[in-house]
Amino acid sequence: MNLNIDAGMLELAALGRLSAISCLSLGPTFTTHARRLRDLDVDVGLHLNLTESFGLQDQPAVMPLPTLITRAYISQLDSGWIDEQLARQLDAFEGVLGRAPDYVDGHQHVHQLPGVLPRLLRVLELRYGSDRPWLRHTAPGTQSGVPLRESAKARLIGTLGAGSVERAARSDGWRTNRRMLGVYDFHGGPRRYAQLLHHWLNNARDGDLLMCHPALPGAADKLGAQRAAEFAVLASAELGQWMSRNGVQVARANWPMRSATPETACSVTPDSRDAGNR
């Protein structure tokens, strides 16, 4: 979303602390920084955006998340608007990186909503055929030890569309992560984030995805301070020890069909970024 977010993600990826980076392909820094992702051992995905305005003249119209969710659930989303968003964002991604995204997820998890997901699956199938990107599955992972507020938020996100992604995966062979970890309220500084991360690492299972939102200090958005806290924890030397203690490895996605058993370790994916990083 800005220079500090991009720089933080690139640094963590170079340290081997991230397995995937999601890109806001119409964001103001994507064109400048995305090419640097080519030299990193990470999956690079499209972070579908339907809610965040960047104040750019040529950005398609977006809408507030509550409005989007309401319209999705009463079947009043304009399919033409969704298709335009998908086309513009995929074109921008391919135009800079010269290839299809490795996966697709959504800013504020919009990719899974009714009305959005069917259009997304159709467009991905038409553009990429059998070489389709994998999809983020938001069903919550094990929540043992996670405070009630955070576990409730994780379940709410999953309720909004994880079942639809799961059905598409099982019926049509779409590849997804097993479950998702990393949901919280973006408060508390490095100490609280480290405490939550201990629980997520302890709960991680093969094929799970751990979402994060790091940035270097000074990121000029409302999550800037907590992004910096996440970065400090994820870049720390202690993290390697915590992962080893829990038998967790940062691994790129190698998801098989959802009817099989995932073989990878935990994929750590930054959520929300603009340059080629997310």
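Heavy atoms only: backbone and side chains are in, while hydrogens, waters and symmetry mates are out.
Taking the ring pair (Phe, Tyr, Trp, His ring centres under 6.0 Å) definition, one finds that H198 meets it with W242, sequence neighbours left out. Applying the side chain to side chain donor-acceptor pair (under 3.5 Å) criterion to R127, with sequence neighbours excluded, gives D91, E94. In terms of the ring pair (Phe, Tyr, Trp, His ring centres under 6.0 Å) criterion, Y128 has no residue partners (sequence neighbours excluded). Contacts of N203 classified as side chain to side chain donor-acceptor pair (under 3.5 Å), with partners at least two apart in sequence or in another chain: none. Legend: residues meeting side chain to side chain donor-acceptor pair (under 3.5 Å) with E125, ordered by chain and number and at least two apart, are R132. Taking the side-chain contact (heavy atoms from CB on, under 4.5 Å) definition, one finds that A228 meets it with P217, sequence neighbours left out. By the side chain to side chain donor-acceptor pair (under 3.5 Å) test, D185 is found to be paired with R149, R192, residues two or more places apart in sequence or in another chain being considered. In this view, R99 and D102 satisfy the salt bridge (charged side-chain N to carboxylate O under 4.0 Å, His left out) rule, not counting sequence neighbours. Listed by chain and number, the residues in a side-chain contact (heavy atoms from CB on, under 4.5 Å) with S244 amount to none (sequence neighbours excluded).
Atom CG in L117 sits 7.0 Å away from atom CG in L135 (nearest 0.5 Å).
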Can you check side-chain contact (heavy atoms from CB on, under 4.5 Å) on D43 and W134, steps first, answer last? CA-CA 10 Å; D43 280 4; W134 59 270; 3.1 Å; yes
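Note on residues 216-240: no pairs pass ring pair (Phe, Tyr, Trp, His ring centres under 6.0 Å), not counting sequence neighbours. Listed by first and then second residue, the ring pair (Phe, Tyr, Trp, His ring centres under 6.0 Å) pairs that reach into residues 138-164 come to none, sequence neighbours excluded.
A168 and L121 make their closest contact through CB-CD1, 3.7 Å (heavy atoms, listed as atom of the first residue, atom of the second, distance).
Residue L197 is grouped with residue F186 when hydrophobic side chains (ILVMFWY) are merged at heavy-atom distances under 4.5 angstrom, including chains of intermediate members.
Relative orientation of the Y193 and Y184 rings is tilted, given thresholds of 30° and 60° on the angle between their planes.
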Hey, can you pull the donor-acceptor pairs under 3.5 Å for the side chains in residues 60-77, sequence neighbours left out?
residue	atom	partner	partner atom	Å
T70	OG1	P66	O	2.9
Y73	OH	L160	O	2.8

